[in-house]
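Quick notes on the structure that follows.
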Protein chains: 2
Amino acid sequence: MTELKKDVILKGDSIERLKKLPDACADLVFADPPYNLQLAGGLTRPNQTHVDGVTDDWDQFSSFAAYDEFCRAWLAECRRILKPDGALWVIGSYHNIFRLGTAIQDLGFWIQNDVVWVKTNPMPNFKGTRLTNAHETLIWAARDQKSRPTFNYHSLKAGNDDVQLRSDWTFPLCTGRERLKDDGKKLHPTQKPEALLHRIILGTTNPGDLIVDPFFGTGTTGAVAKRLGRHFIGIDQDAGYITAAKKRIKAVSPLREEDAVALPSPRKQPRIAFGQLIESGLLSPGTKLYCPKKRHVARIKADGSVAADTASGSIHKVGASVQNAPSCNGWTFWHYEAAGKLQPIDSLRSMIRQGMN
Amino acid sequence: MTELKKDVILKGDSIERLKKLPDACADLVFADPPYNLQLAGGLTRPNQTHVDGVTDDWDQFSSFAAYDEFCRAWLAECRRILKPDGALWVIGSYHNIFRLGTAIQDLGFWIQNDVVWVKTNPMPNFKGTRLTNAHETLIWAARDQKSRPTFNYHSLKAGNDDVQLRSDWTFPLCTGRERLKDDGKKLHPTQKPEALLHRIILGTTNPGDLIVDPFFGTGTTGAVAKRLGRHFIGIDQDAGYITAAKKRIKAVSPLREEDAVALPSPRKQPRIAFGQLIESGLLSPGTKLYCPKKRHVARIKADGSVAADTASGSIHKVGASVQNAPSCNGWTFWHYEAAGKLQPIDSLRSMIRQGMN
DNA sequence: ACGAACTATGAATCGAACT
DNA sequence: CAGTTCGATTCATAGTTCG
């Protein structure tokens, strides 16, 4: 049997190419498949500019059934090429992640965790019709229930301020210099941040391992694998993406093995909104708020808005309105009465922050 | 036909009880279904029978199939009892959420968002074999693709410090005084925090709406619904939970209606035609209107239309035309000059609306 | 040179009412 | 039901231009 060629990009259909790989050759599969978004019309921002959505042919499927069939086919091949203790990572959004998770379970994979990538800077919902779509979901699954997949628990903990790593991961989108551009425009519509792959590869593979990515795109998996001293095999149909990925990966220098442990650990103060004080029971709807000199009064509503004589809305807007000012910091302006004394509502925010740690 | 009895807890099997509820009676369903797969000591089917020999793929599949069958049955009934613009919330973890999401999509629900409840104080993974399981997933889905489910966008935004609410929600677990105890031990294994239900009910129902919860447990849904002036119907099999839930809900005082109602949506405000500003003398024919940067000018005509170089017609059409945009909100685009400053004509519309009260 | 102001953009199932 | 009109709607960053 000939040696399996590693650190290469195979051009072609994912399923066909996977079929040509031998059984039990891979330590990890990372897959970022088409999301099957089913976008209807165009979308413009409030300032009338056009939103560049994902309208590529590869994301079009005729039905859920067609999408399921496609996924079960490539997932089955991924399972075949995995070593007994191998594992799988997939990423998706609510459009497709439930189909993927169901297929993964049905095929006999064993889910280890689901992970949410919380985006620091997601695109807003421009029409105000839904919640901001601020996260994507990853599934980490072992080949079998009996598999003992690689999990570098202590590496991850050490890189996380010595706290056990959680299932919610906060990263920004892939933007700026990291984002591959062609003539100023994004080369790939859905390039993933290297930080995400860094954590996955560091945490669930060992140096020298083979990682297969059947939807290679611009090669984020390959770039991070090379930097961390892992091998990769990528598959993609698009010649343009392959060219860009090759160039990108060639420019990567592998880290010395002992350096391949650092993880970014951005720790920001969680943002607390006024509504959370009501939701958590620290303030009750109907309670009155006062300005420092009690000249102005507002009444708290259940949704975290407040109502004064002249206006209703957020603590900031109503604070501005009663003062006839252009703006106002409601956190310091409004006070509640406790034991006959006025306390700024900002003091309650610190209480929530403390409970959150 | 007899009136549907509300604010009650029905004892019995969820599916059987749902079947007795009439078509299209509910505004919202909230469901926190059991998932008794993959638990230590072997698998149990939803009907509590034990699954033998769960080590091979086939048995895993058969138990998933049983769970799927169970979920599709109660989800189909939920869809039947929902009004055309009704919606569904379900909550689950990686053990069951993918089955639920797939069933929801297959049954014709239309997903609005998935939401992650990020737990501030999750139980750690004691063995250090996986990531801390620090979140659960919720799915918010409308009955149909064409449904227009209730979404109190402005309420949620106002309570979130005037920033659009995102799909990741941070709350602590249900602990302390909120957690129902029996003899010092927790009464229910998965009691949900009231803060979570508070946000869901406030954001996606109106006062007076009917919320059905087919897995009522200790009645968090009922307690929050009552406090916020919504109606509920709960279903549970367990007499002990029902007793506890009844006692809990009885102790809840409803808020005053004005505190429980959402902020009014601009879309629901009475419509004012631009011509009314002229008729009421707030603006005179011949007055000039400007865009915010004074790059564009239009002249008001007596009939409430405006004229620019390139077009004549409504404030919206002309605004779109001068910007070369497909559409435009003339109320916020056009400004009039007063005391040397530009004011949006929308401020005049608010004056008229205030005068109507 | 430095900061303020302005512009660009990201996996998006993105309107409602009336004729 | 389709077509038309009214008019509601964005957050965090990165990069660029202007003062």
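What you are looking at is a predicted structure, and each value in this text was computed from that prediction instead of being measured. Just the heavy atoms: all of them, side chains too, but no hydrogens, waters or symmetry mates, feed the values below.
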* Is the base of dT13(C) touched by the side chain of Arg130(A) through a donor-acceptor pair closer than 3.5 angstrom? -> yes
* Asked: Is the closest basic N to carboxylate O distance between Arg271(A) and Asp161(B) below 4.0 Å?
  -> no
* Structure fact -> The answer to which of Pro124(A) and Trp331(B) contacts DNA chain D further toward the 5' end, by nearest nucleotide, is Trp331(B)
* What do you reckon, are the aromatic ring centroids of Trp89(A) and Trp140(A) less than 6.0 Å apart? -> yes
* Asked: If you measure from the C1' atom in dT9(C) to the same atom in dT10(D), how many Å do you get, rounded?
  -> 12 Å
* Quick one: on DNA chain C, does Ala40(A) or Lys293(B) contact a more 5' nucleotide (nearest heavy atom)? -> Lys293(B)
* To do: Select base, sugar-phosphate, or nothing to describe what Ile272(B) touches, counting heavy atoms under 4.0 Å on all strands.
  => sugar-phosphate
* At under 4.0 Å between heavy atoms, what does Gly330(B) touch on the DNA or RNA strands: base, sugar-phosphate, or nothing? -> nothing
* Name the nucleic acid region contacted by Ile111(B), choosing base, sugar-phosphate or nothing; use a 4.0 angstrom heavy-atom cut-off, strictly under. => base
* What nucleic acid atoms does Asn36(A) come within less than 4.0 Å of, heavy atoms only: base, sugar-phosphate, or nothing? -> nothing
* Should Asn36(A) and Arg99(A) count as side-chain neighbours, where that means a heavy-atom distance under 4.5 Å? -> no
* Asked: Do Arg177(A) and dG15(D) have a side chain to base donor-acceptor pair shorter than 3.5 Å?
  -> no
* 5' priority, DNA chain C, between Asn125(A) and Cys174(A) [closest heavy atom] -> Cys174(A)
* Any idea which of dG10(C), dA12(C), dA8(D) is nearest the Arg267(B) side chain? -> dA8(D)
* Asked: Of Met123(A) and Asn329(B), whose closest DNA chain D nucleotide lies nearer the 5' terminus?
  -> Asn329(B)
* Asked: Under a 4.0 Å N-O cut-off, is there an ion pair linking Lys119(A) with Asp168(B)?
  -> no
